[in-house]
Amino acid sequence: MLTVIDHPLIRHKLTIMRNKDTGTKDFRQNLDEIGGLMVYEVTRDLPTRDIQIETPMAPYVGQELAKKVVIMPILRAGLGMVSGIMDLIPTAQVAHIGMFRNEETLKPQVYFEKYPKDFPEAEVIIVDPMLATGGSSIAAIDMAKAHGAQSIRLVCLVGAPEGVNAVEKAHPDVHLYLAALDERLNEHGYIIPGLGDAGDRIFGTK
């Protein structure tokens, strides 16, 4: 399932991020803000349960989240989306998946993984700004499922049709959220028009 979250503020901030002249500070800040804006739609159907409380005036039956939430960034670029989401879900735990794309094979190579204790029972939100070939996202979902995750959402900023198709084919049970669906991949596996290398632009390493 694919949901493209089309919102004027997201389009505005994403345009700033796409601009090649946007510096690291503004790129990082807008990514953080878009992550916060997207989380409303991403978490729309999170399960809740009733809870009895006392307001200053009377007893009241409200709702609370029924399951823990784990944010799972794909390192390193995925870290840029964590803060904006945690601003809205401050009780969320964070798992980490470290992988990089082999520039010759375009396949992901894993170098680190760490999961919270309650990971299998949690609502897992995998985050990565770019969904290009889909290789890293598929690998991350594979790893999450291997560690017992039952409910997984994939949240990316910009995606290419090739990557979307690959993820949907490999994991049709995972709901995919994008801020924008771009045109295509180029011969090097980069998204066109895209926004460049998100990791380098977030951390100022290029």
Side-chain angles (χ1 to χ4, degrees), residues 1-14 17 28-75 77-97 113-131 137-138 140-159 164 167-168 170-181:
M1 293 182 289
L2 170 64
T3 297
V4 178
I5 303 174
D6 184 28
H7 189 283
L9 287 176
I10 291 178
R11 293 198 302 267
H12 170 78
K13 294 175 184 299
L14 185 54
M17 293 182 67
R28 187 187 300 130
Q29 178 178 335
N30 281 278
L31 176 59
D32 182 76
E33 292 170 353
I34 291 174
L37 290 167
M38 292 181 73
V39 78
Y40 284 99
E41 184 65 31
V42 172
T43 59
R44 180 179 294 276
D45 62 347
L46 285 182
T48 59
R49 61 187 170 219
D50 290 345
I51 179 173
Q52 178 78 43
I53 64 168
E54 293 282 338
T55 79
M57 304 301 294
Y60 174 75
V61 178
Q63 286 76 44
E64 65 179 1
L65 292 179
K67 298 171 67 177
K68 292 184 178 180
V69 174
V70 172
I71 307 167
M72 183 171 155
I74 300 176
L75 302 181
L79 288 173
M81 300 181 69
V82 172
S83 178
I85 297 175
M86 291 195 75
D87 284 345
L88 276 295
I89 317 175
T91 58
Q93 299 172 315
V94 182
H96 292 88
I97 295 292
E113 53 184 314
K114 188 77 172 180
Y115 305 89
K117 180 178 65 175
D118 300 324
F119 186 78
E121 294 79 34
E123 296 284 336
V124 177
I125 302 175
I126 299 174
V127 295
D128 193 7
M130 312 301 288
L131 176 59
S137 294
I138 291 170
I141 296 169
D142 287 340
M143 294 163 72
K145 288 183 175 180
H147 282 79
Q150 301 296 313
S151 180
I152 303 171
R153 301 151 203 258
L154 174 63
V155 182
C156 302
L157 205 65
V158 176
V164 170
V167 170
E168 290 182 332
H171 295 287
D173 58 322
V174 172
H175 199 140
L176 167 60
Y177 298 85
L178 296 177
L181 180 61

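Note that these values count all heavy atoms, side chains included, but never hydrogens, waters or copies made by symmetry.
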For Tyr177, enumerate each residue passing the ring pair (Phe, Tyr, Trp, His ring centres under 6.0 Å) test, keeping only those at least two apart in sequence or located in another chain. His175
Checking His147 now: which residues fulfil ring pair (Phe, Tyr, Trp, His ring centres under 6.0 Å) with it, not counting sequence neighbours? Tyr115
Contacts table for residues 39-47: side-chain donor-acceptor under 3.5 angstrom, sequence neighbours left out:
residue, atom, partner, partner atom, Å
Glu41, OE1, Arg44, NE, 3.2
Glu41, OE1, Arg44, NH2, 3.0
Glu41, OE2, Arg44, NE, 3.4
Thr43, OG1, Val39, O, 2.6
Asp45, OD1, Arg153, NH1, 2.6
Asp45, OD1, Arg153, NH2, 3.4

Show every salt bridge (Lys or Arg N to Asp or Glu O under 4.0 Å) that has at least one partner inside residues 55-73, sequence neighbours left out. Arg49-Glu64, Lys67-Glu123, Lys68-Asp118
Is the side chain of Gln150 donor-acceptor paired with the backbone N or O of Gly148 at a distance under 3.5 Å, no angle test? yes
Please report the shortest heavy-atom distance between [X] and [Y], naming the atom on each side.
| X | Y | value |
| --- | --- | --- |
| Ala122 | Val70 | CB-CG2, 3.6 Å |
| Asp173 | Lys145 | OD1-NZ, 2.9 Å |
| Pro73 | Ala95 | CD-O, 2.9 Å |
| Pro129 | Leu31 | CG-CD2, 4.2 Å |
| Glu54 | Pro59 | OE1-N, 3.5 Å |
| Val4 | Ala179 | CG1-O, 4.0 Å |

Steps toward side-chain contact (heavy atoms from CB on, under 4.5 Å) verdict (Ile152, Leu154): CA-CA 7 Å; Ile152 303 171; Leu154 174 63; 5.7 Å; no
Do [X] and [Y] come within less than 4.5 Å of each other through their side chains, counting heavy atoms only?
| X | Y | answer |
| --- | --- | --- |
| Val69 | Thr91 | no |
| Met17 | Leu157 | yes |
| Gln63 | Asp50 | yes |
| Leu176 | Leu178 | yes |
| Val94 | Met86 | yes |

As an exercise, state the distance from [atom1] of [X] to [atom2] of [Y], rounded to the nearest 0.5 Å.
| X | Y | atom1 | atom2 | result |
| --- | --- | --- | --- | --- |
| Thr3 | Met38 | OG1 | CE | 9.5 Å |
| Ile126 | Ile138 | CD1 | CD1 | 11.0 Å |
| Asp32 | Ile85 | CG | CD1 | 9.5 Å |

Please enumerate all residues that pass side chain to side chain contact (heavy atoms under 4.5 Å, CB included) together with Pro90, with sequence neighbours excluded. none
Listed partners of Lys13 passing side chain to side chain contact (heavy atoms under 4.5 Å, CB included), at least two apart: Asn30, Glu33, Ile34, Leu37
